Amino acid sequence: MARDDVRVRFAPSPTGYLHVGGLRTALFNFLFARKTGGTFILRIEDTDQKRSVTGAVEKLMSTLRTIGIKDDEGPDVGGPCGPYIQSERKDIYRRHVDRLLDAGVAYHCFCTEERLERLREAQRRKKLPTMYDGACRDLPADEVRRRLEAGEPSVIRLRFPREGRTVFDDVVRRKVAVDNELVDDQVLIKTDGFPTYHLANVVDDHLMGVTHVIRGEEWLSSVPKHIYLYRAFGWELPVFVHLPLLLNPDRSKLSKRQGDVAVERYLERGYLPEALLNFIALLGWHPADDRELFSLEELCREFSLDRINKAGAVFDVDKLNWMNGWYIRNLDLETVADRTRPYFEAAGIDVSDRETFVKVVAVARDYVSCLEEMVDRGRMFYEDICFSDEQRELVREEVSRSIYTRWIGEMEAKPAWTREDTENFIKQSMKELGLKGKNFYFPLRLALFGNTHGPDIPSLIDILGPRETVSRFRRALEQV
RNA sequence: GUCCCCAUCGUCUAGUGGCCUAGGACACCGGCCUUUCACGCCGGUAACCGGGGUUCGACUCCCCGUGGGGACGCCA
């Protein structure tokens with residue numbers, strides 16, 4: 001299977017955002033191209049004018065770019081098979097459908113949408129399969145010509161054979177068979193002159209030299225139509241690879257209604273491209289061993305079509321959160337700081353003191369599963385602490401006040417204060433005040449950090465610096 | 001309703017007839033580490049949908065059920 005002329009494509013429709021299922025399809029295509037040394041094509045399927053959203057193509061490409069999936073050919077980088085936007089290829093489809101018309105493989109249909117709707121309704125009532133009844137399938141040629149010339153709205157349908165059986169191979173499901181009589185006369189060209197997915201997809205895949213069609217399982221049942229088109233044109237079939245669906249927690253097809261499906265939403269909240277890609281690669285695919293932390297380069301090396309799963313996969317946000325947290329904790333600290341910075345700035349926090357900010361990130365990253373959460377784990381280093389009633393009670397206790405007073409005295413007496421000084425004085429003051437454990441540490445952390453739980457005291461004082469530390473003790477002492 | 005596809009812990013999955021007393025990861029529970037929480041480390045609970053075959057032997061192969069999903073649009 002390892003051919004060096006592999007050509008695959010990701011062909012999204014520009015709906016305004018990138019669906020996580022789409023990202024998975026894009027990723028698998030990309031990985032297969034990289035693995036085989038093939039070409040990854042990006043093609044925009046915008047043949048539905050009603051669904052077209054302005055700016056969606058640019059947004060889609062920018063999302064793909066930030067996530068690290070780069071196309072070898074596409075609307076942005078060009079290539080020998082352009083244009084890569086289907087709305088700019090209208091005449092190509094028109095030319096091809098004429099060939100089908102001439103060969104009698106397609107026909108004009110004048111049925112109105114209302115008639116079709118009534119037809120389907122009647123079929124449903126009679127518990128029959130819902131499909132076109134072929135009313136216009138055998139219209140006399142002169143009648144067709146007359147109605148066309150009269151300007152009557154029409155579509156062009158595929159004249160699908162009514163007997164026989166279509167059997168085809170799929171890399172994931174092996175053999176799939178469908179009785180031809182159950183395959184509908186699919187509309188190829190709509191009233192507005194635009195092609196439907198089925199026509200555009202087959203024509204473009206052939207013209208663009210696509211060797212492997214890797215896409216979601218929702219397309220499996222329309223493969224017979226596509227195969228019939230390939231044969232009608234006299235073209236070689238691509239290899240079909242239908243990926244298992246991504247599912248909601250209730251196991252229905254992953255949809256907006258049950259959580260976030262827009263990749264942009266995850267990116268906004270600080271899910272790292274590394275984590276998103278790693279996580280999504282494991283949905284429907286598994287490496288040969290038990291590893292599950294992979295960089296994109298490693299995925300490119302390990303990926304193979306024969307380890308793709310058949311069953312649908314639930315998109316488990318819990319595991320994504322764990323994996324994203326893992327990346328936040330294990331990626332280079334400076335890199336994480338760079339990527340975290342915009343979140344603090346958006347919250348109006350001045351983090352221009354880089355050295356301090358990196359320290360904040362270093363302690364905060366142990367607590368979060370996405371970058372957005374870093375702000376709540378780090379803002380107390382930049383903002384005045386606000387105590388709850390319960391916390392204020394602890395701060396006001398005599399022991400607490402004695403700790404603060406003792407520390408202020410010690411720190412003000414010393415011109416410089418190091419981390420080592422903190423460590424030493426913790427021991428010393430504990431002994432002096434006769435305190436230990438939580439009785440000592442909770443009041444201390446509360447005054448400095450605003451919470452009894454959190455990073456260790458030396459880290460807190462290291463980040464705050466002696467001046468701010470002393471002033472926080474004073475503020476604690478002022479609590480009434 | 002019709003057709004197609006699928007079926008191992010709650011979830012993602014390993015498993016291609018004996019290596020399975022069914023492995024890993026997330027989540028959950030417990031322990032350790034630690035001044036606390038978190039991180040980390042260690043351990044635990046937890047699954048082969050059911051019934052028939054085939055076979056010396058089935059999680060693995062076949063059939064039938066059952067369950068789930070997808071498609072059935074002049075959407076992709």
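Letters A, B, ... mirror the listed sequences (proteins, then strands); counts begin at 1. What you are looking at is a predicted structure, and each value in this text was computed from that prediction instead of being measured.
- An OP1 or OP2 oxygen of B:G15 is reached within less than 4.0 angstrom by a side-chain nitrogen or oxygen of A:R307.
- When distances are taken from the side chain of A:A311 to each of B:C5, B:C6, B:G73, the shortest belongs to B:C6.
- Here A:E45 lies in heavy-atom contact (under 4.0 Å) with sugar-phosphate atoms only.
- Residue A:A177 is classed as a sugar-phosphate contact, given heavy-atom separations below 4.0 Å to backbone atoms only.
- Applying the 4.0 Å criterion to OP1 and OP2 of B:A76, one finds that A:T47 has a side-chain N or O inside that range.
- Among the heavy atoms of the strands lying under 4.0 Å from A:T130 is at least one base atom, whether or not backbone atoms are also near.
- Between A:F32 and A:S304, the closest side-chain pair of non-hydrogen atoms is not below 4.5 Å.
- Side chain of A:R24 to backbone of A:I280: no donor-acceptor contact under 3.5 angstrom is found.
- Each of A:E218 and A:R120 was assigned the nucleotide of RNA chain B with the nearest heavy atom; the assignment lying further toward the 5' end belongs to A:E218.
- Across all strands, A:G325 comes closer than 4.0 Å to no nucleic acid atom at all (heavy-atom distances).
- Comparing B:A76, B:C6, B:G70 against the side chain of A:R173 picks out B:C6 as the nearest.
- Taking 4.5 Å as the limit, some side-chain heavy atom of A:D376 sits within range of a side-chain heavy atom of A:R379.
- The side chain of A:R251 places an N or O atom within less than 4.0 Å of a non-bridging phosphate oxygen (OP1 or OP2) of B:U11.
- With hydrogens and angles ignored, the 3.5 Å screen pairs a side-chain donor or acceptor of A:E264 with a backbone N or O of A:L18.
- Here A:K319 lies in heavy-atom contact (under 4.0 Å) with a base.
- Of the listed residues (A:I44, A:D71, A:L42, A:I41), just one forms a side chain to side chain contact (heavy atoms under 4.5 Å, CB included) with A:Y84, and that residue is A:I41.
- In this structure a side-chain-to-backbone donor-acceptor pair under 3.5 Å is missing from A:Y93 to A:D204.
- Residue-level contact check: A:R115 touches neither bases nor backbone, having no heavy atom under 4.0 Å from any strand.
- Across all strands shown, A:K50 has heavy atoms under 4.0 Å from sugar-phosphate atoms exclusively, and none from any base.
- Summary of the strand contacts: A:V172 and A:T191 both lie near RNA chain B, and taking for each the nucleotide with the nearest heavy atom, the more 5' one is attributed to A:V172.
- Here the nucleotide nearest the side chain of A:K253, chosen from B:U13, B:G69, B:C3, is B:G69.
- The base of B:C4 is not paired with the side chain of A:S221 by any donor and acceptor separated by under 3.5 Å.
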Contact string for nucleotides 31-47 of chain B, one letter per nucleotide 5' to 3', B = base within protein heavy-atom range under 4.0 Å, S = sugar-phosphate only, - = neither, reads ----BBBBSS-------
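- A salt bridge links A:E117 with A:R120; the closest basic N to acidic carboxylate O contact falls under 4.0 Å.
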